[in-house]
Undergrad: 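I am attaching a structure below and will ask some questions about it afterwards.
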Amino acid sequence: MEVGFLGLGIMGKAMAMNLLKNGFKVTVWNRTLAKCEELVEFGATIGDTPAAVVKKCKITVAILSDPSAALSVVFDKDGVLEQIGSGKGYIDMSTVDDDTSSKIHKAVTTKGGSFLEAPVSGSKKPAEDGQLVILAAGDEALYEEAIPAFDVLGKKSFFLGHVGNGAKMKLVVNMIMGSMMNAFSEGLVLAERSGLNPHALLDVLDLGGIANPMFRLKGPTMIQNNYSPAFPLKHQQKDMRLALALGDENAVSMPVAAAANEVVYSYLNAFKKARSMELGDLDFSAVHEIVKIHKSSS
Ligand SMILES: NC(=O)C1=CN([C@@H]2O[C@H](COP(=O)(O)OP(=O)(O)OC[C@H]3O[C@@H](n4cnc5c(N)ncnc54)[C@H](OP(=O)(O)O)[C@@H]3O)[C@@H](O)[C@H]2O)C=CC1
Ligand SMILES: O=CC(=O)O
């Protein structure tokens, strides 16, 4: 199966590599073209533009940073729309809001192509290991056609119905994750400042009812102040922002998520403040630094 792949960031690189290692023919494009070279060593072909990739491949997958990147790759000059058409499928795996996804869906289908949104849950390591959870919605025939690729990329795929449902599911999940990360950071700081060993806290958490892979994976590195990016903080803040907007649209009050994103006691704008301190490219667990700063200054 020949697949086009747009976007070779942390996730895209790992995912495209998995496809190559599993026998797919992959044509890649990335805004910073130099990032394509590494994949060529593993058999990838480079497309000069998104349009060139779509022209060559029956199915093209994209995973890009945010709504504006997702729209730009489709609608700008040399973009996906220039070559999409009957018999071609476009699968956007970026985390975006349902409005963005719907705009892309409308444009692609107006030109006769088929569209699937398929954001993923799971971070750099699950992407490398082919253990993502795929949250697909849109064209069911394209979903069925993409199953061999999804089986390589993920451990489980969900088909959630019409376009927008995948985007919304992903935002709900990441809203919960962002709120949990704030609470976890506060717990680590509270343990340390009250004279407890934070490693003992991790052991206790891991044996109880709130044990989870995120605490297990991130806890030890957070204690070491190591925020090497797997899921960049700037993307987590984008997801909190989009989830809060979804809450607004549906008249759902989300004080915990709002607090995580906007106002938590006196460290206002936890995620936003972290961005302004240029922590945005670090892992989202770097929110821990903000909690620590606040706890020192209060
Ligand atoms: N990292 C993670 O753990 C997870 C991330 N996600 C989501 O997946 C998506 C990608 O994440 P990740 O790989 O971590 O992000 P990265 O920041 O590592 O990569 C972003 C990608 O988007 C491209 N890009 C950004 N702006 C534009 C633009 N205007 N036009 C064209 N291309 C652009 C970048 O190109 P360039 O190289 O030129 O900058 C790069 O390929 C995001 O939506 C994120 O929320 C979902 C699950 C897990
Ligand atoms: O979107 C991030 C993730 O870990 O999932």
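Owing to the predicted nature of the structure, the values given are computational and were not obtained by experimental measurement. Just follow the structure's listing: the first ligand is 1, and inside any ligand the first atom is 1.
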Undergrad: For ligand 1, is any non-hydrogen atom under 4.0 Å from His235's backbone (N, CA, C, O), its side chain (CB onward), both, or neither?
TA: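 Side chain only; the backbone of His235 stays clear of ligand 1.
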
Undergrad: For Lys55, look at atom NZ and say whether over 12 heavy atoms of other residues, nucleotides or ligands are found less than 6.0 Å away.
TA: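 No, the 6.0 Å shell around NZ holds no more than 12 heavy atoms from other groups.
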
Undergrad: Please state which part of Lys35 comes within less than 4.0 Å of ligand 1, counting heavy atoms only: side chain, backbone, both or neither.
TA: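 For Lys35, only side-chain atoms sit under 4.0 Å from ligand 1.
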
Undergrad: Are Val133 and Phe158 close enough, and set up right, to give a side chain to side chain contact (heavy atoms under 4.5 Å, CB included), and what steps lead you there?
TA: CA-CA 8 Å; Val133 178; Phe158 291 85; 3.6 Å; yes

Undergrad: For ligand 1, is there an N or O atom under 3.5 Å from any N or O atom of Ser123?
TA: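 Yes, Ser123 has an N/O under 3.5 Å of an N/O on ligand 1.
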
Undergrad: Quick check: do Val3 and Lys25 have side-chain heavy atoms less than 4.5 Å from each other?
TA: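 No, their side chains stay 4.5 Å or more apart.
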
Undergrad: Are any of the N or O atoms of Ile63 closer than 3.5 Å to those of ligand 1?
TA: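 N/O-N/O distance below 3.5 Å does not exist for this pair.
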
Undergrad: Does a sphere of radius 6.0 Å around CD in Glu38 hold more than 12 heavy atoms from other residues, nucleotides or ligands, not counting ones at 6.0 Å or beyond?
TA: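 Count not over threshold, so no.
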
Undergrad: Less than 3.5 Å between some nitrogen or oxygen of Ile10 and one of ligand 1, yes or no?
TA: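 Yes: some nitrogen or oxygen of Ile10 is under 3.5 Å from one in ligand 1.
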
Undergrad: Considering only protein heavy atoms, which is closest to atom 19 (O) of ligand 1, and at what distance to one decimal place?
TA: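 The closest one turns out to be Gly9 CA, 3.3 Å.
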
Undergrad: Looking just at side-chain N and O atoms, do Asp98 and Ser102 make a donor-acceptor pair shorter than 3.5 Å?
TA: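 Not at all, the side chains of Asp98 and Ser102 share no donor-acceptor pair under 3.5 Å.
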
Undergrad: Take atom NZ of Lys124 as the centre, draw a 6.0 Å sphere, and report whether it contains more than 12 heavy atoms from other residues, nucleotides or ligands.
TA: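 Not more than 12 within 6.0 Å, no.
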
Undergrad: Is Phe231 close to ligand 2, meaning an N/O of one under 3.5 Å from an N/O of the other?
TA: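 Such a contact does not occur with ligand 2.
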
Undergrad: Using heavy atoms and a threshold below 4.0 Å, how should the contact between Asn174 and ligand 2 be classified: side chain, backbone, both, or neither?
TA: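 Side chain only.
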
Undergrad: Considering only the protein, which heavy-atom contact is closest to atom 24 (N) of ligand 1, and what is its distance?
TA: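 The protein heavy atom lying closest is Ser65 OG, 3.9 Å.
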
Undergrad: With heavy-atom distances below 4.0 Å as the criterion, list the atoms of ligand 2 near Met177.
TA: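 Those qualifying, in numeric order: 2 (C), 3 (C), 4 (O).
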
Undergrad: Below 4.0 Å, non-hydrogen atoms only: which portion of Leu64 touches ligand 1? Side chain, backbone, both or neither.
TA: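 Answer for Leu64: both.
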
Undergrad: At the 4.0 Å heavy-atom cut-off, does Pro119 count as touching ligand 1?
TA: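 No, Pro119 has no heavy atom closer than 4.0 Å to ligand 1.
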
Undergrad: Return yes or no for this condition: an N or O of Leu8 is under 3.5 Å from an N or O of ligand 1.
TA: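 Yes; the residue has a nitrogen or oxygen that sits under 3.5 Å from a nitrogen or oxygen of the ligand.
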
Undergrad: Heavy-atom distances under 4.0 Å decide this one: backbone, side chain, both or neither, for His235 against ligand 2?
TA: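 None of His235 does.
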
Undergrad: Atoms of ligand 2 less than 4.0 Å from Ser121 heavy atoms?
TA: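 Atoms satisfying the 4.0 Å criterion: 5 (O).
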
Undergrad: Could you check whether Asp283 and Ser285, counting side-chain N and O atoms only, form a donor-acceptor pair closer than 3.5 Å?
TA: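 Present: a donor and an acceptor within the cut-off.
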
Undergrad: I'd like to check which ligand 1 atoms, numbered from 1 as shown, lie under 4.0 Å from a non-hydrogen atom of Lys238.
TA: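 In order of numbering, the contacting atoms are 42 (C), 43 (O), 44 (C), 45 (O).
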
Undergrad: Just distances here: any N/O of Ser94 and N/O of ligand 1 closer than 3.5 Å?
TA: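 No, since none of the N or O atoms of Ser94 sits under 3.5 Å from an N or O of ligand 1.
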
Undergrad: Counting only heavy atoms not in Met169, do more than 12 sit closer than 6.0 Å to its CE atom?
TA: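 Incorrect, the count does not exceed 12.
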
Undergrad: Below 3.5 angstrom, do we get any N/O pair linking Ala230 and ligand 1?
TA: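 Yes.
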
Undergrad: Nearest non-hydrogen contact with atom 38 (O) of ligand 1 belongs to which option: Thr32, Asp66, Leu6?
TA: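 Looking at heavy atoms only, Thr32 sits closest to atom 38 (O) of ligand 1.
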
Undergrad: Do Trp29 and ligand 1 have an N or O pair less than 3.5 Å apart?
TA: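 No - when backbone and side-chain N and O of Trp29 are compared with those of ligand 1, no distance drops under 3.5 Å.
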
Undergrad: When only distance counts, is Ser68 in polar contact with ligand 1, meaning an N/O pair under 3.5 Å?
TA: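 So ligand 1 has no N or O lying under 3.5 Å from an N or O of Ser68.
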
Undergrad: So is there a nitrogen or oxygen of Lys170 less than 3.5 Å from a nitrogen or oxygen in ligand 2?
TA: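 Such a contact does occur with ligand 2.
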
Undergrad: Cation-pi between Lys88 and Tyr90: NZ/CZ under 6.0 Å from ring centre and within 45° of the ring axis?
TA: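 Because its charged atom misses either the 6.0 Å distance or the 45° angle limit, Lys88 does not stack over Tyr90.
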
